[in-house]
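Heads up: the structure comes next, in structure tokens.
In listed order, ligands and their atoms are each counted from 1. Remember, predicted model here, so these are calculated numbers, not experimental data.
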Amino acid sequence: MSIAENIAKVRLSIGQAATQHGRNPASVHLLAVSKTFGAEAVIDAANAGQVAFGENYLQEAIDKQQVVQTLRPDLALEWHFIGPIQSNKTRPIAEHFAWAHAVDREKIARRLSEQRPPNLPPLNICLQVNVSGEDSKSGVAPGEVLALAEVVATLPGLRLRGLMAIPEPAEDVESQRKPFALLHALQQQLREAGIPTDTLSMGMSADMNAAIAEGATIVRIGTAIFGKRDYAK
Ligand SMILES: *Cc1c(COP(=O)(O)O)cnc(C)c1O
């Protein structure tokens, strides 16, 4: 199957899942995760109407952006950094992306805000939440989301859009839904505290339907669009 066919299939599944759960299909946005795939794959997806692309590895992403820009200067793509953010990498992220999905510390948020070029609109931010409760995983603890959100909402170079999570893999849909429901409840808590957000970045190829059932507004899909990745990334 071609990338265009895969995208059509994923879009159809998104629409079906949304409708099944009483949601407007247009409220669920598709982020194509192109990590480990080259500029040609991105261009194929863009030719199929895809605009938003997610990347995890900074240097790979910047190189790819430059190749795409050179081959197809007509494309206006929207790049999302979805990988963990080290503090020595904040400047290029602030300069080369429209969104960062995995902000989980105040220090990173402050640096991104300070380093966002003034000629660009504020960097859209999701706070990554550790919904699976494992010490090793990145993400802010659920009990600390509100305090971090309060800080991020005040930073001039950033626009707080919502929450993001990568739950532990689970086989059945019921187990998959629980951490997504928690993320949704945390978003509700922010709203009640006077910090409204419009984004829940949750759901990947294997758990997209469960995420949509619990209110995902961005699903991050790699494998179902581009195929299996060559190496474990
Ligand atoms: C790789 C990745 C994805 C895409 O995962 P697939 O299972 O290939 O759809 C989504 N989100 C993040 C943060 C990722 O690292």
Side-chain angles (χ1 to χ4, degrees), residues 1-14 17 28-38 41-42 44-45 48 50-62 64 77-86 89 93 96-105 108 112 123-132 134 136-140 161-173 175-177 179-180 182-183 199-233:
M1 287 248 277
S2 70
I3 287 174
E5 286 169 321
N6 289 341
I7 288 181
K9 216 168 124 186
V10 169
R11 288 203 186 114
L12 193 65
S13 308
I14 290 173
V28 185
H29 302 276
L30 174 59
L31 180 64
V33 177
S34 44
K35 64 181 175 198
T36 81
F37 292 92
V42 169
D44 282 351
Q50 183 63 31
V51 172
F53 291 86
E55 292 282 340
N56 289 52
Y57 310 103
L58 187 59
Q59 198 52 52
E60 177 198 331
I62 292 173
K64 199 179 303 181
L77 304 182
E78 182 182 272
W79 294 94
H80 296 229
F81 194 80
I82 62 175
I85 305 174
Q86 295 162 298
K89 300 283 171 59
I93 291 171
H96 292 275
F97 290 85
W99 286 68
H101 286 236
V103 172
D104 62 359
R105 285 183 286 154
I108 297 291
L112 288 170
L123 181 64
N124 295 294
I125 297 293
C126 291
L127 304 179
Q128 185 181 353
V129 183
N130 179 354
V131 288
S132 297
E134 287 204 354
S136 59
K137 283 271 165 139
S138 46
V140 60
R161 297 296 296 267
L163 304 177
M164 177 271 215
I166 311 171
E168 287 288 288
E171 290 298 320
D172 62 295
V173 174
S175 322
Q176 289 177 350
R177 284 181 67 157
F180 295 139
L182 171 59
L183 203 69
T199 300
L200 286 175
S201 166
M202 58 190 198
M204 319 203 317
S205 295
D207 56 12
M208 184 183 88
N209 289 356
I212 292 171
E214 296 296 347
T217 65
I218 297 181
V219 289
R220 307 179 310 267
I221 306 299
T223 309
I225 293 175
F226 297 106
K228 263 185 82 131
R229 289 178 289 276
D230 271 350
Y231 44 109
K233 276 186 168 179

Non-hydrogen atom of R229 closer than 4.0 Å to ligand 1: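 Yes, R229 has a heavy atom closer than 4.0 Å to ligand 1.
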Ligand 1 contact on H101 by region, counting heavy-atom pairs under 4.0 Å: neither
Ligand 1 versus I82: contacting region, heavy-atom distance under 4.0 Å: both
N or O contact, I166 vs ligand 1, cut-off under 3.5 Å: no
Using a 4.0 Å cut-off to any heavy atom of [X], which atoms of ligand 1 qualify?
{"X": "T223", "answer": "6 (P), 7 (O), 8 (O), 9 (O)"}
{"X": "N56", "answer": "14 (C), 15 (O)"}
{"X": "R220", "answer": "4 (C), 9 (O), 10 (C), 11 (N), 12 (C), 13 (C)"}
{"X": "I221", "answer": "9 (O)"}

Sidechain N-carboxylate O distance under 4.0 Å for E55, K64: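 Result for this pair is yes, salt bridge flagged.
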Close aromatic pair by centroid cut-off 6.0 Å: W79 and F97: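 Ring centroids of W79 and F97 are no less than 6.0 Å from each other.
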Trace of the side chain to side chain contact (heavy atoms under 4.5 Å, CB included) decision for M164 with L127: CA-CA 6 Å; M164 177 271 215; L127 304 179; over 6 Å; no
Aromatic plane relationship, H101 with H80 - under 30° parallel, 30 to 60° tilted, over 60° perpendicular: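 Rings of H80 and H101: tilted, 30 to 60°.
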Residue pair I3 / F226, side-chain heavy-atom distance below 4.5 Å: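 Yes; the side chains approach each other to less than 4.5 Å.
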Side chains of V219 and M204 in contact at under 4.5 Å (non-hydrogen atoms):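 No; the side chains remain at least 4.5 Å from each other.
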